[in-house]
Amino acid sequence: MGRPGSDGEHLLQRRLGTVERADRFYDDQVLDHLNVRMREFIGRQEMFFLATADRHGECDSTFRAGPPGFLQVLDARTLAYPEYRGNGVLASLGNIEENPHLGILMVDFLRDRIGLHVNGRARVVEDAAMRAAHPGLPVDPVPGRRAVVWVEVTVEEAYIHCAKHIPHLQKVPTQRRGAADGRHRGPEREAARGHDREHRERDREQDWGTDDVKRKGGDFFGAAAEAREGRRTPPVPAPEGASRPVPRPEEWREAAERVLAEARQRAARRVEQPFSGWFR
């Protein structure tokens, strides 16, 4: 195996004087396979970040999630993960069809506060073909988590992502139905019930494979609304020294009323708790 990394990173290492430090990392941490501890780590992950690019080098990054072990370790040099039903765009799979190189980043925010990079070459495999080759693959009981196809990854590099910038997070426990009743009385009970309903809605089981627009997040960033209103194209900056268009008064008013309404809703739901740090 030659020196890991790209020509570009090697050039910058020489320019910035980090060759010795980089070589130490390559020698100590970069493997061309998954060792035992890496395989154990992968087996309990519930999510990862995925990077692909098309044949022109145009990049895309995305997120994949599933139950622990959904990213399957087939052997020390092979991974596979199921592609669930999505929005139909198939951006990552389309990139893999043109360019098999991909990067996977797993980050354990909850327990070990460490990450693992896996870079390799991928191919898209039909579910029936994957199961014929690997009869032990589990069949997920949740309909939305049934594999449409699989992505099989041949590992070329595997290495640690250090802990120093990874926040330590905790899962929010699902609120139990009726939990508010034993803690509050009268108006406080009603307010707490509303608070618990909000948490139950937010912490419900993921809606795997759903086509429900609201459950998928709705028009969170307002792109569909902009398209409906003919505002999809961003405004062209005015030339230097030219007068800039002034927003209409009704636009200011609508924006201000929307912000105030959201603030009132948050205030009505808020249950004061002592501050205990950004990350716990």
Using the rule that Ile, Leu, Val, Met, Phe, Trp and Tyr join whenever any side-chain heavy atoms are under 4.5 Å apart, tell me whether V139 and L74 fall into a single cluster.
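No, because V139 and L74 fall into different hydrophobic clusters, even though each may have its own neighbours under 4.5 Å.
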
Answer with yes or no whether the hydrophobic clustering places I166 together with L110; edges join I, L, V, M, F, W, Y residues whose side-chain heavy atoms lie under 4.5 Å apart.
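They do share one cluster, since a chain of ILVMFWY contacts under 4.5 Å joins I166 to L110.
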
Just by modelled atom types, is the [Y] backbone N or O under 3.5 Å from a matching donor or acceptor in the [X] side chain?
| X | Y | value |
| --- | --- | --- |
| D140 | V142 | yes |
| S6 | E9 | yes |
| E152 | R123 | no |
| R113 | A163 | yes |
| R131 | L137 | yes |

Could you walk me through whether M47 and M106 pass the side-chain contact (heavy atoms from CB on, under 4.5 Å) check?
CA-CA 7 Å; M47 63 178 185; M106 291 155 273; over 6 Å; no

To the nearest 0.5 Å, tell me how far I114 CD1 sits from K164 NZ.
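I114 CD1 to K164 NZ: 11.0 Å, rounded to 0.5 Å.
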
Do [Y] and [X] meet the salt-bridge criterion of a basic N to acidic O distance under 4.0 Å?
| X | Y | result |
| --- | --- | --- |
| D127 | R146 | no |
| D27 | R3 | no |
| R77 | E156 | no |

Show, in sequence, the C-alpha distance, side-chain angles and deciding distance for V151 and L93, and conclude whether the side-chain contact (heavy atoms from CB on, under 4.5 Å) test is met.
CA-CA 8 Å; V151 175; L93 293 178; 3.5 Å; yes

Could you tell me how the ring of F25 sits relative to the ring of Y159: parallel (under 30°), tilted (30 to 60°) or perpendicular (over 60°)?
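Aromatic pair F25/Y159 classed perpendicular.
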
Would you call the rings of Y26 and H10 parallel, tilted or perpendicular, taking 30° and 60° as the class edges?
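Geometry flag for H10 against Y26: perpendicular rings.
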
Are R64 and F49 side-chain neighbours, meaning at least one heavy-atom pair lies under 4.5 Å?
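R64 vs F49: side chains apart.
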
Under a plain distance cut-off of 3.5 Å, with no hydrogens placed, do T78 and D75 share a side-chain donor-acceptor pair?
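Yes, T78 and D75 have a side-chain donor paired with an acceptor closer than 3.5 Å.
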
Does the separation of the ring centres of F48 and Y81 fall below 6.0 angstrom?
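Under 6.0 Å, so yes.
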
